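A note on names: the letters A, B, ... follow the listed sequences, proteins ahead of strands, and every chain is numbered from 1. Values in this document were obtained by computation on a predicted structure and should not be read as measured data.
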There are 2 protein chains.
Amino acid sequence: MNDRKQHVVKMAHQLFIDKGFQSTSIQDILEYSGISKGTFYNYFSSKSELLTAIFKMTDSELEKIRNDLLIGQDPADIEIFIKQVEMQLKTNRKNKIITLFEEVMISKDDELKRTIEERKIQNIRWIYHRLTDIFGIDKRQYLLDCAIMFMGMLRENIKFYQLAYESDANISQVVRYTVNRLVHMVNEIVQSEERLIPVQALERWLPDCNRHVRSFRKKLLHQLFIVKNILHQQNNQQLNYGDLLDFIEEELLDAKNPRKFLIDSVLQTLQTVEDKKVQVELQELSILVQEYFDQIDAK
Amino acid sequence: MNDRKQHVVKMAHQLFIDKGFQSTSIQDILEYSGISKGTFYNYFSSKSELLTAIFKMTDSELEKIRNDLLIGQDPADIEIFIKQVEMQLKTNRKNKIITLFEEVMISKDDELKRTIEERKIQNIRWIYHRLTDIFGIDKRQYLLDCAIMFMGMLRENIKFYQLAYESDANISQVVRYTVNRLVHMVNEIVQSEERLIPVQALERWLPDCNRHVRSFRKKLLHQLFIVKNILHQQNNQQLNYGDLLDFIEEELLDAKNPRKFLIDSVLQTLQTVEDKKVQVELQELSILVQEYFDQIDAK
DNA sequence: TATAAATTTGTACAATCGGTATAATATGAT
DNA sequence: ATCATATTATACCGATTGTACAAATTTATA
């Protein structure tokens, strides 16, 4: 994305946070970010499209934060999950994401609505995935229901807790309370063997068109996570390895035209790590990258 | 409320259901209900005020349905609670209340936002009250938390269940599943003695200005309920007694200028029931009515 | 450097929206 | 019949999103 365009997105986001989506006119955005109307409609076809750009940015931010919290940790440790949820709530509040979500579910733009809906589903999906880490994959039949109800409880608890305590609200207390309920609920549901929504529905909810892209994203992030994790466990002295991996992630997922030669170069540098396990996983990563560029060339 | 005005409210509601609030222009409403712009702004000061009128109508409808389901039943019977919740969901869906809610939380009209917020709190309050009926008043310290979480679970469950089954969605299955979770959760929370939000907050959330009005409404509905209940238990042959009680309710709560002489007359007719208990409760009712008119005269 | 291509600007414009104002007309009660 | 009230039709205001387009500016390329 263009630097200038990026700048407009940032400025608009700030305005949305301050004044809300509906109350911010396009004229406001033009003045605040110092561009003309023509340029705006050159970048975005509408105010809604600008908003989706903002969502994509905050999505990436959130995913990164979440993953970083997992590095070098046991995925089954529920304390890590709690921290992740807290961070999610914090960044969402910083970006006023929830307000923007609700504000948008009204708009006539069906495309935008679909985007929001998909984001919510992705979130449920992430929670479901983490619950399988924590409670064991053998309980997966019940864990989608649990993820859904956890989201509902958490949302409503936060809302009324804030209403009760206003500025003194201590969100982490709410998270802990809700997680405690969740733990008991999982046990109870597993025992009762009651199910509401089949896990298979999760895949059906996500549109086919993006499946390949998402699939690649997921695989890549997973593989990067594995490598980072190994390096972390070894407490590797050369810290810039982490930066190199971050660079690969950014270049592949965010850049418009990822520079293959650069990524190849970085991978080669990483291969100098004298560790069998790391080398094996890096090989996997290289294959993924190769597949990705093959796919681009095919188009 | 004027017949004509009522008609406009109905027509507008239909349009909102079909097209949504934002997408329905005032011009649409004028054409659909066959009035002029001047008349519209004579009836309502804004589109928002029209919406609050709709909410008030559906509120009354819901309250009536709920109460009728309780008549002649044991309040501690959880099956009645389930039926009440199902009916609530049904009428809400019929009136597209939830969609309208969400659509409005965006608007710049703070007064309207406050109205919606209050409605949600009233709903939590009702659930809390019913939970004390079902699980016992001694557990009340924990039942507000339970009511809040129940709402959250139910809402999210319905959303994703509908996403999974679309038109085949069987809401009562969702309600039953969620209530089952609730029952176990109540036991678990009582045992753990964990609390999140103090019950006292419930009263603080509601604005003082309406307290007297709400208080009267509540008392009146309660007293009417008692009388209806006694009559029902006796399986009284004269069915029009129920109609007479309904009339009192409508005249007092919905009419602009309740006709005291009519209500007095109806009360006199009811006093002819030859039953000590009914007569005592009717006396209570008469006192309430008297207090109400005293209050009006004082203004 | 010169020229062509792409981008950006400024502004005018159309259409729609919620809401105000008002003069003319219709309705209804006494 | 009269007079207050309710209703209508219409013009208008300011703000909004979005389009159109010629002129100016920046960028890439030869």
Side-chain angles (χ1 to χ4, degrees), chain A residues 1-13 15-16 18-54 100 103-113 115 255-257 259, chain B residues 1-13 15-16 18-55 100 103-113 115-116 255-257 259:
Chain A
M1 196 188 291
N2 190 346
D3 262 6
R4 198 173 161 81
K5 191 172 169 182
Q6 193 90 29
H7 177 251
V8 175
V9 172
K10 267 190 171 177
M11 293 296 104
H13 188 187
L15 282 176
F16 290 165
D18 292 342
K19 309 173 45 173
F21 179 68
Q22 307 272 348
S23 302
T24 301
S25 72
I26 289 182
Q27 193 57 40
D28 291 335
I29 299 171
L30 303 185
E31 286 164 13
Y32 196 64
S33 54
I35 59 163
S36 75
K37 201 161 197 171
T39 307
F40 181 90
Y41 280 100
N42 183 26
Y43 287 155
F44 315 100
S45 68
S46 68
K47 215 167 88 171
S48 300
E49 202 182 281
L50 165 60
L51 191 57
T52 64
I54 291 175
L100 288 177
E103 200 161 347
V104 144
M105 285 314 278
I106 299 151
S107 89
K108 303 160 199 171
D109 188 333
D110 290 335
E111 183 60 30
L112 188 50
K113 276 189 190 174
T115 308
K256 206 169 174 179
N257 295 312
R259 291 156 288 187
Chain B
M1 197 187 288
N2 190 343
D3 263 6
R4 199 173 159 82
K5 190 171 171 184
Q6 193 91 28
H7 178 251
V8 175
V9 172
K10 267 190 170 177
M11 294 295 103
H13 189 188
L15 282 176
F16 290 165
D18 294 342
K19 307 171 49 172
F21 180 68
Q22 307 274 345
S23 302
T24 301
S25 69
I26 287 183
Q27 194 56 42
D28 291 335
I29 299 171
L30 303 184
E31 286 163 13
Y32 196 63
S33 54
I35 59 163
S36 74
K37 203 161 193 171
T39 306
F40 181 91
Y41 281 99
N42 183 24
Y43 288 158
F44 315 100
S45 68
S46 68
K47 215 168 92 169
S48 301
E49 202 183 281
L50 166 59
L51 191 57
T52 63
I54 292 176
F55 284 148
L100 287 177
E103 198 161 346
V104 145
M105 286 315 279
I106 300 149
S107 87
K108 301 162 198 168
D109 188 333
D110 290 334
E111 183 60 30
L112 189 51
K113 275 190 190 173
T115 307
I116 308 279
K256 206 169 176 179
N257 295 310
R259 288 157 290 187

For the [atom1] atom of [X] and the [atom2] atom of [Y], what is their distance to the nearest 0.5 Å?
| X | Y | atom1 | atom2 | result |
| --- | --- | --- | --- | --- |
| A:Tyr32 | A:Asp18 | OH | CG | 6.5 Å |
| B:Tyr41 | B:Thr39 | OH | OG1 | 12.5 Å |
| A:Ser45 | A:Phe40 | OG | CZ | 9.0 Å |
| A:Leu50 | A:His13 | CG | NE2 | 10.0 Å |
| A:Leu15 | A:Ser25 | CG | OG | 9.0 Å |

Take B:Phe16 and B:Asp28, measure what side-chain contact (heavy atoms from CB on, under 4.5 Å) needs, and give me the verdict at the end.
CA-CA 10 Å; B:Phe16 290 165; B:Asp28 291 335; over 6 Å; no
Whole-Å distance separating the [atom1] atom of [X] from the [atom2] atom of [N]:
| X | N | atom1 | atom2 | result |
| --- | --- | --- | --- | --- |
| B:Leu51 | C:dG18 | CG | P | 13 Å |
| A:Gln22 | C:dC17 | CD | C1' | 13 Å |
| B:Tyr41 | C:dG18 | OH | P | 7 Å |
| B:Leu50 | C:dC17 | CG | P | 16 Å |

From D:dT17, C:dG19, D:dT7, pick the nucleotide closest to the side chain of B:Lys37?
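Side chain of B:Lys37 sits closest to C:dG19.
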Nucleotide nearest B:Asn42 (side chain, heavy atoms from C-beta), chosen from D:dA6, D:dG18, C:dG18:
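Looking only at side-chain atoms, B:Asn42 lies closest to D:dA6.
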Looking across every strand, which nucleic acid part, if any, lies under 4.0 Å from [X] by heavy atom: base, sugar-phosphate, or nothing?
| X | value |
| --- | --- |
| B:Lys47 | sugar-phosphate |
| B:Phe40 | nothing |
| A:Ser25 | sugar-phosphate |

Can you list, by residue number, the residues of residues 26-33 of chain B that have a non-hydrogen atom closer than 4.0 angstrom to DNA chain C?
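Residues of residues 26-33 of chain B that come under 4.0 Å of DNA chain C are, in numerical order, B:Ile26.
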